[in-house]
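Each chain gets a letter, A, B and so on, in the order the sequences are listed, and its residues count up from 1. In this text, all values refer to a predicted model and were calculated from it rather than measured experimentally.
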Protein chains: 2
Amino acid sequence: MRPREFDHDDVLRIAFDQFWRKGVRGTSLSDIARDAGVQRGSLYNAFGSKEALFLQAYERYAGDYLLALQKALGTGSLRKRLTAFFDLTITNFRSGSPPRGCPTTRGLMELGAAEGEGLDEEARQAFAHLISRITALVQDTLSAGAKRGEFKGNPAAAALHIITVTRGLAVLERAYGDEAQLRKIASHTIDLVLEKGG
Amino acid sequence: MRPREFDHDDVLRIAFDQFWRKGVRGTSLSDIARDAGVQRGSLYNAFGSKEALFLQAYERYAGDYLLALQKALGTGSLRKRLTAFFDLTITNFRSGSPPRGCPTTRGLMELGAAEGEGLDEEARQAFAHLISRITALVQDTLSAGAKRGEFKGNPAAAALHIITVTRGLAVLERAYGDEAQLRKIASHTIDLVLEKGG
DNA sequence: ACATGTTCTTGACGTCGTGTCAAATACTTT
DNA sequence: AAAGTATTTGACACGACGTCAAGAACATGT
């Protein structure tokens, strides 16, 4: 076999960066190929199609992001954990310049759009999967908090509420770009959940 | 002057329908032209560009939608009003088959994506404007409720919280497509806001 | 009634993006 | 050293956006 002339993972990172900056439909394989110093045809050979490349790049990101969230949720009082969780969330989709928004939310609204099922359905599942995993993380954190008497509500309902708010924050970030407002909504949500039970 | 051979408003409606079904980037002007029985060139002549056409179609929709929301928020107890508000919100982005999602949220995540400012910035403002108007409507409703003793929290903060949840619902709808779950989150949010003050 | 002017329509064109294919290439294995 | 296999490369087909010049349809002034 002839060996690959590029690093699989490097290309995935470069591709994700482009997709995140310019959107999936707004990024051409020529862009990625130029940036990665690879021929366009090689990308098709290695990844299959643009959307397949995006999916693989996204899943790479999703794994990293989930680990970071897990870490953020892992120490301190329940309030501290939730605060760290929202912090990381907001920081994440405000990284880069201009802010790149939430990759998951953006991908979900952009790719889930087509009528024909095809690969889009696979993408939708990837996005939904990350959201589910995050929801589970938050729920576990709340359950643990409940055992320690820091929380008295229903962990499942509260986790779902929190996740809904984070998705909403991703949208508002795009609409207004006002980080202070996002943080206010986040701390407000924490108060609600901790005082009232979510 | 030679008269137009098509109805301006009809084309706007047809175009919005297509954009809503297949996304902005996923809809070609050829599609719209065929559907409307108009030549592609005529669309460029009348509307300027694809994004300009989308913007005009979106603003048409936004006006109608805002009126419907205003109506939904206009009668009954505060709880009834908020329930009607969430109902209309969820119904709206679950209309069509397959569910078309929230036009505003989808447009926001899809169009705000480009790096260059250009027309995208104009689009972002249109989306942000509708969200602001809706927030104001909810806030007014809460303020009125406060005067009648049905609500004791901060109307501005509560309205922002509610709007954040509706944007989050738009995203979760796309991820899971589970309407029952959306309704559960919505009624939960209403409880929180009314019992605790948002 | 007819010529003039203005706007809309129509079809051809240029450019760019996706995806496919066959030929050339570089390495591994026998 | 030869055969085999996977990768690279460049050409191609196709569709989408947007532009332009030429033709068509109406309003207006004489």
Side-chain angles (χ1 to χ4, degrees), chain A residues 1-12 14-58 107 110-111 113-120 122-123, chain B residues 1-12 14-58 107 110-111 113-120 122-123:
Chain A
M1 311 207 310
R2 176 173 179 174
R4 281 245 168 80
E5 293 181 3
F6 59 89
D7 183 89
H8 201 265
D9 246 45
D10 283 353
V11 171
L12 246 38
I14 290 170
F16 184 77
D17 186 70
Q18 298 259 351
F19 285 137
W20 198 4
R21 266 193 289 150
K22 304 181 293 187
V24 177
R25 288 232 167 82
T27 301
S28 74
L29 282 199
S30 308
D31 293 342
I32 297 171
R34 191 182 333 110
D35 234 58
V38 172
Q39 211 74 13
R40 208 167 53 89
S42 297
L43 296 180
Y44 279 100
N45 177 57
F47 301 101
S49 74
K50 184 177 164 180
E51 279 193 316
L53 169 58
F54 170 74
L55 261 187
Q56 293 175 56
Y58 175 76
E110 190 174 357
L111 282 193
E115 277 195 301
E117 311 287 315
L119 190 47
D120 284 341
E122 207 176 323
Chain B
M1 311 208 314
R2 176 172 179 174
R4 283 242 169 80
E5 292 181 3
F6 59 88
D7 184 89
H8 201 266
D9 246 45
D10 284 353
V11 169
L12 246 40
I14 290 170
F16 184 76
D17 186 70
Q18 298 259 352
F19 285 135
W20 200 4
R21 266 193 289 151
K22 303 182 294 187
V24 176
R25 288 233 167 82
T27 302
S28 74
L29 282 198
S30 307
D31 292 343
I32 297 171
R34 193 182 331 109
D35 233 57
V38 173
Q39 211 73 14
R40 208 166 52 91
S42 297
L43 295 180
Y44 279 99
N45 177 56
F47 301 100
S49 73
K50 185 177 165 181
E51 280 194 312
L53 169 58
F54 170 74
L55 261 187
Q56 293 176 55
Y58 175 76
E110 190 174 358
L111 282 193
E115 276 195 303
E117 311 287 313
L119 189 48
D120 283 343
E122 207 177 323

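In this structure, the CD1 atom of A/Ile32 is 12 Å from the C1' atom of C/dT18, given to the nearest Å. Across the protein-nucleic acid pair, B/Phe6 atom CZ and C/dC8 atom C1' stand 9 Å apart, rounded to whole Å. Across the protein-nucleic acid pair, B/Gln39 atom CD and C/dA12 atom P stand 11 Å apart, rounded to whole Å.
No side-chain donor-acceptor contact under 3.5 Å links A/Glu110 to the backbone of A/Gly23.
Annotation: the span from B/Leu29 atom CG to B/Gln39 atom CD amounts to 12.5 Å, rounded to 0.5 Å. Atoms CD and CD, on A/Glu51 and A/Gln56 in that order, are 12.5 Å from each other to the nearest 0.5 Å. Distance NZ/A/Lys22 to CG/A/Asp17: 9.5 Å, rounded to 0.5 Å. From B/Asp10, atom CG reaches atom CG of B/Asp35 across 12.0 Å, with rounding to the nearest 0.5 Å. Remark: B/Leu55 CG to B/Lys50 NZ distance equals 13.0 Å, nearest 0.5 Å. Summarising the geometry, atom OG1 belonging to A/Thr27 is positioned 6.0 Å from atom CD1 belonging to A/Ile32; distances are rounded to the nearest 0.5 Å.
Among A/Phe19, A/Phe16, A/Trp20, the one residue that satisfies the ring-ring contact (aromatic ring centres under 6.0 Å, His included) test with A/Phe54 is A/Phe19.
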Nucleotides 19-30 of chain C: protein proximity per nucleotide (B base, S sugar-phosphate only, - neither; heavy atom, under 4.0 Å): BB----BBBS--
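In the 5' to 3' direction, nucleotides of DNA chain D lying under 4.0 Å from heavy atoms of chain A begin and end at D/dG4 to D/dG10.
Closest approach of B/Ala36 and B/Val11 over heavy atoms only: CB-CG2, 4.2 Å.
Nearer the 5' end of DNA chain D, as judged by each residue's closest nucleotide, is the contact made by A/Ser42, out of B/Ser30 and A/Ser42.
Relative to the axis of its first five pairs, the axis of the last five pairs of the helix from C/dA1-D/dT30 to C/dT30-D/dA1 sits at 10°, rounded to 10 degrees.
For the residue pair A/Ser28 / A/Asp31, a side-chain donor-acceptor distance below 3.5 Å is found, with atom types taken as modelled.
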